[in-house]
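Each chain gets a letter, A, B and so on, in the order the sequences are listed, and its residues count up from 1.
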Amino acid sequence: MKAEEHCNESAEKTSKQTAFCKPCKRQWAKCGTDPAKNGPKSFHGGANTSEALTQSQDGCLTASLTSEPRVKDFGQLNPDEKMKMLETTRQAKVLVLTMVYRDGTTQLDPEQKLTLPVCGLLVLMKSDLSCGTPEDSLGPNDSLVYLKLEHTPAWAQQQTHPSPELFTRDMLLQVLTGSQLVVCYKAKDLLRSVLQVYRRELNWKRVAGCHIQDPQVSAWLLDPTDPSSCFQDLLNKHCRRPHTTPALGAQKVSQIISGLCWLYRLNMKLCSQLQSQGLWKLYSDMELNMIPVLAAMESHRIHVDKEALKKTSDLLGTKMKQLEKEAHQAAGQIFLVTSSTQLRTVLFEKLRLHERCENKKLPKTINKQQQSTSEAALLLLQDLHPLPKIILEYRQVHKIKSTFVDGILSCMMCKNYISSTWHQTSAVTGRISAKHPNFQALPRQPLQITKKQYVQGKEEEVVTVHPRAMFIPHEGWTFLAADFCQVELRLLAHLSSDPELLRIFTSPQADVFTMLASQWKGVREDEVTSEDREHAKRIVYSVVYGAGRERLSGILGVSTEQARLFQDSFLQTYRDVQAFIQRTIQQSHKQGYVLSIMGRRRNLPNINSPDWSIRMQAERQAVNFVVQGSAADLCKMAMIRIFNLVSSSSSLSARLIAQLHDELLYEVEDSHLEQFAALVKSTMESLQRIDHLGVHLKVPLKVAVSSGKSWGSMSELNIPLTFPSP
DNA sequence: CTAGCGTCA
DNA sequence: CTGGTGACGCTAG
């Protein structure tokens, strides 16, 4: 009882402490938990007290866990016992894992906080494959081991050999890369934590080949539209089981143990479903192999020019103040520029701008039918008065500052690097997504800012703000980007076998979008600007994925009638593309789902909906999934192949920084640049044929590589057509 | 048109 | 006072 009281008390203190230890409003900011920096000389920002508190609580949980007779604490064993344990691990048939966090939760608990410090790993070793019939009890030969997963700084490590740290590391390696069945819910998080904790002592290549089954991934493959937010949800959905209530202390430990047993059952259930749905190969050969790729990517530190970021933050701040002043002058009064209510009063009650443009219909707010201050409205008003333009620019600057400058700064806290979190199961099409920051949404084009200077000489200075340019390779390293050119369109050519489209990609390789842009703008190909090309690209994809006339006319900038003509002529030119679209829709109606090139599946529950608009949406989703999903398959395959090449080589050292859907961004040693570029290009282009998955594309794949000393300044790299020697 | 994430009212 | 939501911004095809 006493122990439990103590537990609750310190839990309370800790929660207060964590609240205190959150100087910035963003929850995902890492609060100086970097083990490498907690050396003797860096005691900053109250780290002392918080450390003490969390440790006492950790002690409490560890105590609960290890006082449970079924759990062996690996750290407390003597060297002989440790050797025996390693052997037992080798002999086990199944390993079921979960991370234990310092606040006493595990990966099986719902709603974990985003950057929870990890304290250990609980391993259930099963000696046979049975599911353990009586609800949650262990088999007679099953055993449980607790592995402490906290880093002792190098300066505090014992000098005796082998050091206990390395024993634990070897045990971890045995657990993670053994040949037996290994199961973990959210395996990527576990792998990433291990790589972070043993950053110095464990090379990522050593866990590259690990093959951990993960029910989160299998459930997502079975139904990518299912939210399945936590382990409990998955259990409720797929397994019949008694209701459980949250518990504390020793009961909590029993619950964790029974959770592991259920995890194993859930995994088996999902595996058999994968097999019966024909998804096993995709799961085992692709998605499971993505786990170490993503874990390695997340545990890599991307260097950011923090000082430059801070400077641009200040610059944008002063720019906003200037614009605010200008807005007040233009309005003839002081008001809050961020408030749409106050802006509405100024624009329509004071200046009465709406009365001066009766020929245009101004948008209204949806709720109260008031005059809108949306971008569309301001664009219509901008010729009547200087104020709308000022507001528009203010909003643009504000957007860049809050999302891309301050946003990235808040992901760094006291560090000078970032690591995004990459999600394997959050996109229905099979693409991966990123958070904190969202690497895949950083602006491609820099923003021009005119800065007023109150110094003699020049009056104005134009500064360009480019968030991508803030990402810098480490000293002696270079960024390398490899881009699959027009993947989705090439896949569409393959899937539809359209002779016209195939011809475009097979013949001498002019850029497709440049070609199309020159065709309908009536200019020479070398006169097509990059904006023209982007424009053409958007139009092509819009038409292919079934944009309506309204939407298309908006994108093209012409009347709806002309949009319809364009649409018709496009689909007449590429008749087999249209046939493919119709075929796909028909098929989705018949079977209720649709498949990508590698067998990824999307169920479409609304495909036979009586509601016309709902049904049409499902039809567009069906067509889009086949193409976007197939492109995702290819890109993931490329990541895995390159990852395996690097990890099995002793000389290659390049690391994946980010995936931007069709583009892979690597950080590579300067001297390896050309060789690695050739390797990446040939590996990616060779995916035209993937024999064991039955993929033979009718079009060649084209990969463009570029390199640079910042992500904002990449320039194309010409690779000779020689195949690299092994 | 289809996918995402982040910010804001 | 806080938390959920839908719009709109950025990205990728």
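- Computed from coordinates, the A:Ile391 CD1 to C:dC8 C1' distance equals 17 Å when rounded to whole Å.
- In terms of modelled atom types and a separation under 3.5 Å, the side chain of A:Arg468 and the main chain of A:Pro443 share a donor-acceptor contact.
- Residues from residues 420-430 of chain A lying near DNA chain B, meaning a heavy-atom separation below 4.0 Å, are A:Ser426, A:Ala427, A:Val428 in numerical order.
- Atom P of nucleotide C:dG9 and atom CG of A:Leu447 are separated by 15 Å, given to the nearest angstrom.
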| query | For A:Ser496 and A:Asp576, what are the C-alpha separation, side-chain angles and deciding distance, and is it a side chain to side chain donor-acceptor pair (under 3.5 Å)? | reply | CA-CA 6 Å; A:Ser496 65; A:Asp576 289 350; over 6 Å; no
Under 3.5 Å, N/O pairs linking protein and nucleotides 11-13 of chain C:
| residue | atom | partner | partner atom | Å |
| --- | --- | --- | --- | --- |
| C:dT11 | OP1 | A:Arg444 | N | 3.1 |
| C:dA12 | OP1 | A:Arg444 | NE | 2.7 |
| C:dA12 | OP1 | A:Arg444 | NH2 | 3.0 |
| C:dA12 | O4' | A:His661 | ND1 | 3.1 |
| C:dA12 | O3' | A:Asp662 | OD1 | 3.0 |
| C:dA12 | N3 | A:Arg431 | NH2 | 2.8 |
| C:dG13 | OP1 | A:Asp662 | OD1 | 2.9 |
| C:dG13 | OP1 | A:Asp662 | OD2 | 2.4 |
| C:dG13 | OP2 | A:Lys537 | NZ | 2.7 |
| C:dG13 | O3' | A:Glu488 | N | 3.0 |
| C:dG13 | O3' | A:Tyr541 | OH | 2.3 |

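- Applying the 6.0 Å contact sphere to CD1 of A:Ile334 captures no more than 12 heavy atoms from other residues, nucleotides or ligands.
- Listed pair A:Thr403 / B:dG6 fails the phosphate criterion, with no side-chain N or O lying under 4.0 Å from OP1 or OP2.
- Checking each of A:Asp406, A:Val405, A:Asp314 against A:Leu309 for a side chain to side chain contact (heavy atoms under 4.5 Å, CB included) leaves exactly one that passes, namely A:Val405.
- Taking atom CH2 of residue A:Trp711 and atom P of nucleotide C:dC10, one finds them 16 Å apart after rounding to whole Å.
- Side-chain polar atoms of A:Thr529 and A:Asp532 form a donor-acceptor pair below 3.5 angstrom.
- As judged by a 4.0 angstrom heavy-atom cut-off over every strand, A:Arg549 is placed among residues making no nucleic acid contact.
- A:Ala632 comes within 4.0 angstrom of nothing in the nucleic acid, heavy atoms only.
- Counting heavy-atom neighbours within 6.0 Å of A:Arg538 CZ, excluding the residue itself, gives a total of 12 or less.
- In summary, the aromatic rings of A:Phe471 and A:Phe439 are positioned with their centroids under 6.0 Å apart.
- Atom CE of A:Met616 and atom P of B:dT2 are 11 Å apart (whole Å).
- Relative orientation of the A:Tyr574 and A:Phe570 rings is tilted, given thresholds of 30° and 60° on the angle between their planes.
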Which protein N or O atoms sit under 3.5 Å from an N or O of nucleotides 3-5 of chain C?
none

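- Here B:dC8 presents its C1' atom at 8 Å from NE2 of A:His398, a figure rounded to the nearest Å.
- Using modelled atom types, one finds a donor on one side chain and an acceptor on the other under 3.5 Å when comparing A:Asp511 with A:Gln486.
- At distances below 3.5 Å, not a single donor-acceptor pair connects side-chain atoms of A:Lys435 with backbone N or O atoms of A:His423.
- To the nearest angstrom, C1' of C:dG9 lies 8 Å from CZ of A:Phe404.
- Between the P atom of B:dA3 and the CH2 atom of A:Trp220 lies a distance of 14 Å, rounded to the nearest Å.
- Between A:Phe484 and A:Val703, the closest side-chain pair of non-hydrogen atoms falls below 4.5 Å.
- We find that NZ of A:Lys399 is positioned 10 Å from P of B:dG6, with the value rounded to whole Å.
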